[in-house]
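These numbers were taken from a predicted model, which means no experiment stands behind them. Proteins get letters first, then strands, A, B, ... in listed order; numbering begins at 1 in each.
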Amino acid sequence: MSGISGSGLPELKLYNTLTRAKEGFVPLDAGLVRMYVCGPTVYDHAHIGNARPVIVFDLLYRLLRHFYGAEHVKYVRNITDVDDKINARAVTEFPGLDLNEAISRVTAKTEAQFHDDLEALGVLHPDVEPRATEHIGQMRELIERLVASGNAYVAEDHVLFSVPSMPDYGQLSRRPLDDMIAGARVDVAPYKKDAMDFVLWKPSKPGEPGWSSPAGIAVPGRPGWHIECSAMSWAHLGETFDIHGGGIDLVFPHHENEVAQSRCAFHSGIMANVWMHNGFLQVEGEKMSKSLGNFITINQLLADWPGQVLRLNMLKSHYRQPIDWTVKGLEESAKTLEQWFDASAPDAYPRPAPAVLEALADDLNTPKAIAEMHGLKDHAGKKALAGTLAFLGFEAGPLREWTAARTPTLDVDAATVEARIAERIEARRNRDWAASDRIRDELLALGVALKDNKDGTTTWEPKR
RNA sequence: GGCCACGUGGCGGAGUGGUUACGCAGCGGACUGCAAAUCCGCGUACGGGGGUUCGAUUCCCUCCGUGGCCUCCA
């Protein structure tokens, strides 16, 4: 195919939100491809919508490792463990405790749950999983730089980013400043010089988590929402890096503001070369929301489905497309996985099928990749199918266990079934079809499905 | 209101300026005493209306519908 380069690998193309175009991927340094993805704010169980970026960028991570070598890729996915929502949660969940103690319990518990969820989903651990609270020093440093360069100012113990100080603010979300100011519908805090200015640092109330403040502010404070990602990506990937990912909802304001902070702090024209955003998820045709009662956590789904099935179900749609999360879709995904595992043959040297790699290299075209996998079910493709399943993070074990557990327990023991099968074989030998069919029907009523094989034997399995 | 996506056969879901992926379901056939399982085959779709073009599902305009963002939601 024309897409295959001299290395034997297809050209990797990724859609870049910054340019609104699919582009050939060229790393800043092929010796170390660097990717940052916005991880969760740990205040509550992750919901199925949170699982989408984690799975999508896990796939990209696997692909990058395949292309550049595992030791030449650095993937950073953060944990945001300082946030107003965490504080609010801590108060309601542990009302008797000291706030800071309550907060650490909330974050520790939520983070552990998140990790359990991801393991079930077959998601690889990123190379670094930094926490916001461990990077307060870098946040202060960034803020000091922004104040020094005139991109930020102090007001009433807050530090605010001055949006008008950055002439080309808004490139990522393509929102000209004029439009935003005209459409602003938010209450503007009185200490803001401009309605669009956003908080880099804010004072802590008594009892709240607080750190010594930058920019000469006397009272303790805590970071605003966006600064933590600028600090953590800087600390672990440098001033500029290759790929920055997250959900489409983060384009504005979160990523736009990250770009503003990092570019102004480093006097740089670019923060990350490629910005990738996954589409939203709906549940049974409706927007997922707590008020509609269709808010589903990963944890809840894992009670009924193996993580493997959730993973495939997520990848059935292209990552930039909206996805409608349905039980019907999950059933179909489970069936597909079972077919694949049934058809695959272990290989001593597992590797993904070239056609699958080519599909994935084209901006992670997972539906195309899945179609290619269906074509591997015949004899010639069985080993490639096994290699592809492994590459994509699918394991047979959990699915098999789930299938077995899902099969209703039978009221009859194997010996009885075998005896009745023997009885039926005898009846068939005598061409007594009435007796044969009666035995088959009786066993079926007990949940036992018979199969008459070509070689004359009869085998059975629990009815699905 | 502003900005931005999306709308493909019964369902899910790619893709393409002209030879119409793939899966599920359905139907037909093979196999079977009959079934089941399996295998083989079949279904000619691109929201409405204009336009560009020899030709549009694919490009442009418009309308309708769904969804997202517009300061802390992936």
Side-chain angles (χ1 to χ4, degrees), chain A residues 17 20 37-41 44 46-57 80 83-85 161 163 170 173-176 178-189 192 195-199 202 223-226 228 245-254 256-257 277-282 285-290 312-313 315-324 326 328-329 331-333 335-336 339-340 342 359 362 365-375 377-378 427-428 431-434 436-437 440-441 444 449-454 458-461 463-464:
Chain A
T17 305
R20 312 283 155 119
V37 172
C38 289
T41 299
D44 199 357
H47 60 248
I48 188 61
N50 293 308
R52 192 166 190 191
V54 172
I55 291 171
V56 164
F57 291 105
T80 294
D83 183 273
D84 286 345
K85 289 195 295 296
F161 185 91
V163 169
S173 56
R174 303 213 171 174
R175 289 160 194 254
D178 300 347
D179 290 1
M180 283 190 284
I181 292 162
R185 67 176 193 193
V186 287
D187 293 335
V188 179
K192 286 189 181 181
M196 292 309 303
D197 294 350
F198 58 91
V199 170
K202 53 193 170 186
W225 177 32
H226 318 294
E228 87 279 13
I248 187 80
D249 58 317
L250 293 182
V251 173
F252 189 89
H254 185 56
E256 194 71 77
N257 290 350
H277 295 96
N278 61 271
F280 247 57
L281 178 150
Q282 286 183 275
E286 286 189 309
K287 178 182 176 172
M288 182 165 65
S289 73
K290 283 180 176 165
L312 177 60
N313 201 241
L315 297 176
K316 274 199 314 197
S317 301
H318 182 82
Y319 76 94
R320 285 191 279 117
Q321 292 294 116
I323 179 170
D324 188 16
T326 63
K328 190 180 176 204
E331 294 281 4
E332 208 173 288
S333 297
K335 193 168 187 170
T336 299
Q339 285 180 358
W340 281 343
D342 285 346
D362 183 14
N365 191 338
T366 50
K368 181 77 165 21
I370 288 167
E372 297 292 349
M373 289 171 75
H374 286 298
K377 284 186 290 191
D378 64 351
R428 294 181 74 207
R431 305 185 71 80
D432 183 354
W433 310 125
S436 164
D437 291 350
R440 185 170 65 198
D441 290 345
L444 191 63
L450 298 188
K451 285 186 192 177
D452 295 331
N453 302 305
K454 275 240 161 111
T458 296
T459 50
W460 66 281
E461 63 177 27
K463 184 177 66 175
R464 296 263 182 106

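Side-chain to base pairing of A/T326 with B/G12: no donor and acceptor N or O lie closer than 3.5 Å to each other. Between the side chain of A/D437 and the base of B/G33, a donor-acceptor pair under 3.5 Å is found. Residue side chain A/R320 does not reach the base of B/A5 through any donor-acceptor N/O pair under 3.5 Å, judged by distance alone. For A/H47 against B/A74, a side-chain-to-base donor-acceptor contact under 3.5 Å is present.
Distance NZ (A/K316) to P (B/G12): 10 Å, rounded to an integer number of Å. Note: CG (A/D44) to C1' (B/C72) measures 16 Å, nearest angstrom. Here B/G68 presents its P atom at 14 Å from CG of A/N278, a figure rounded to the nearest Å. Atom CG of A/D342 and atom C1' of B/A37 are 12 Å apart (whole Å). Rounded to whole Å, atom C1' of B/G68 lies 13 Å from atom CZ of A/R52. Following rounding to the nearest Å, A/L281 (CG) and B/C6 (P) show an atom-to-atom distance of 18 Å. Distance NZ (A/K328) to C1' (B/G13): 12 Å, rounded to an integer number of Å. Atom CD of A/Q321 and atom P of B/G67 are 16 Å apart (whole Å).
Each of A/I370 and A/W433 has a nearest nucleotide on RNA chain B; the 5'-most of these lies closest to A/I370. Ranked by how close their nearest RNA chain B nucleotide is to the 5' end, A/E372 and A/D452 are led by A/E372.
Residue A/K335 places at least one side-chain N or O under 4.0 Å from the OP1 or OP2 atom of B/A25. Residue A/T336 places none of its side-chain N or O atoms closer than 4.0 Å to OP1 or OP2 of B/G23. Under 4.0 angstrom from either OP1 or OP2 of B/U71 there lies no side-chain N or O belonging to A/N257.
Judged purely by distance below 3.5 Å, without hydrogens or angles, the side chains of A/K451 and A/T458 never pair a donor atom with an acceptor atom. Inspection of the A/T41 and A/D83 side chains reveals no N or O donor paired with an N or O acceptor under 3.5 Å.
Under the Watson-Crick and G-U wobble criteria, each requiring two contacts below 3.5 Å, nucleotide B/C59 is paired to B/G51. When both pairing distances are held under 3.5 Å, B/G1 makes a Watson-Crick or G-U pair with B/C70. Base pairing of B/G10 is made with B/C24, judged by Watson-Crick or G-U wobble geometry with both donor-acceptor distances under 3.5 Å.
At least one side-chain heavy atom of A/R440 sits less than 4.5 Å from a side-chain heavy atom of A/D437. Between A/T336 and A/M373, the closest side-chain pair of non-hydrogen atoms is not below 4.5 Å.
With salt bridges taken as basic N to acidic carboxylate O contacts below 4.0 Å, one links A/D84 and A/K202.
Using C1' as the reference atom, B/G9 and B/A5 are 24 Å apart when rounded to the nearest Å. Rounded to whole Å, the separation between the P atoms of B/A37 and B/C27 comes to 13 Å. B/G41 and B/G23: their P atoms are spaced 11 Å apart (whole Å). Rounded to the nearest Å, the gap between the P atom of B/C64 and that of B/U57 is 22 Å. Rounded to the nearest Å, the gap between the C1' atom of B/U19 and that of B/A56 is 15 Å. Across B/G43 and B/C34, the matching P atoms stand 28 Å from one another, rounded to whole Å. Going from the C1' atom of B/G50 to that of B/U16 covers 23 Å, rounded to whole Å. For the P atoms, the distance linking B/G65 with B/G48 amounts to 15 Å, nearest Å.
If you check every strand for non-hydrogen atoms under 4.0 Å, A/R440 touches a base. Among the protein residues, A/T41 comes within range of no part of the nucleic acid, since none of its heavy atoms lies under 4.0 Å from any strand. Among the protein residues, A/H254 comes within range of no part of the nucleic acid, since none of its heavy atoms lies under 4.0 Å from any strand. No contact: A/E331 has no heavy atom under 4.0 Å from any strand. Note on A/K377: nothing from the nucleic acid sits closer than 4.0 angstrom, heavy atoms only. At the heavy-atom level, A/G329 lies nowhere under 4.0 Å from the strands shown. The residue A/Q339 sits close only to the backbone: its heavy atoms come under 4.0 Å of sugar-phosphate atoms, none of a base.
Aromatic ring orientation, A/F198 versus A/H226: perpendicular (interplanar angle above 60°, classes split at 30° and 60°).
Residue A/D249 has its side chain nearest to B/A74 when only B/U71, B/A74, B/G15 are considered. The side chain of A/A371 lies closest to B/A21, out of B/C72, B/C69, B/A21. Nearest to the side chain of A/K451, among B/C69, B/G33, B/A36, sits B/A36. When each of B/G15, B/G23, B/A74 is scored by its nearest atom to the side-chain atoms of A/P53, the top-ranked nucleotide is B/A74. For A/F252, the side-chain atoms get nearest to B/C69 when compared with the rest of B/G15, B/C72, B/C69. Closest to the A/D83 side chain, of the nucleotides B/U71, B/C72, B/A14, is B/C72. The nucleotide whose nearest atom lies closest to any side-chain atom of A/R428 is, among B/G33, B/G23, B/C6, B/G33.
A donor-acceptor pair is defined here as one N or O able to donate and one able to accept, closer than 3.5 Å; no such pair exists between the side chain of A/D362 and the backbone of A/N365. The main-chain N or O of A/G170 is found under 3.5 Å from a side-chain atom of A/E256 such that the two form a donor-acceptor pair.
With its ring centre under 5.5 Å from that of the base six-membered ring and a plane angle below 30°, A/F280 counts as stacked on B/A74.
A glycosidic torsion no more than 90° from 0 defines the syn conformation; B/G48 lies beyond that range and is anti.
Heavy atoms of other residues, nucleotides or ligands lying less than 6.0 angstrom from CZ of A/R20 number more than 12.
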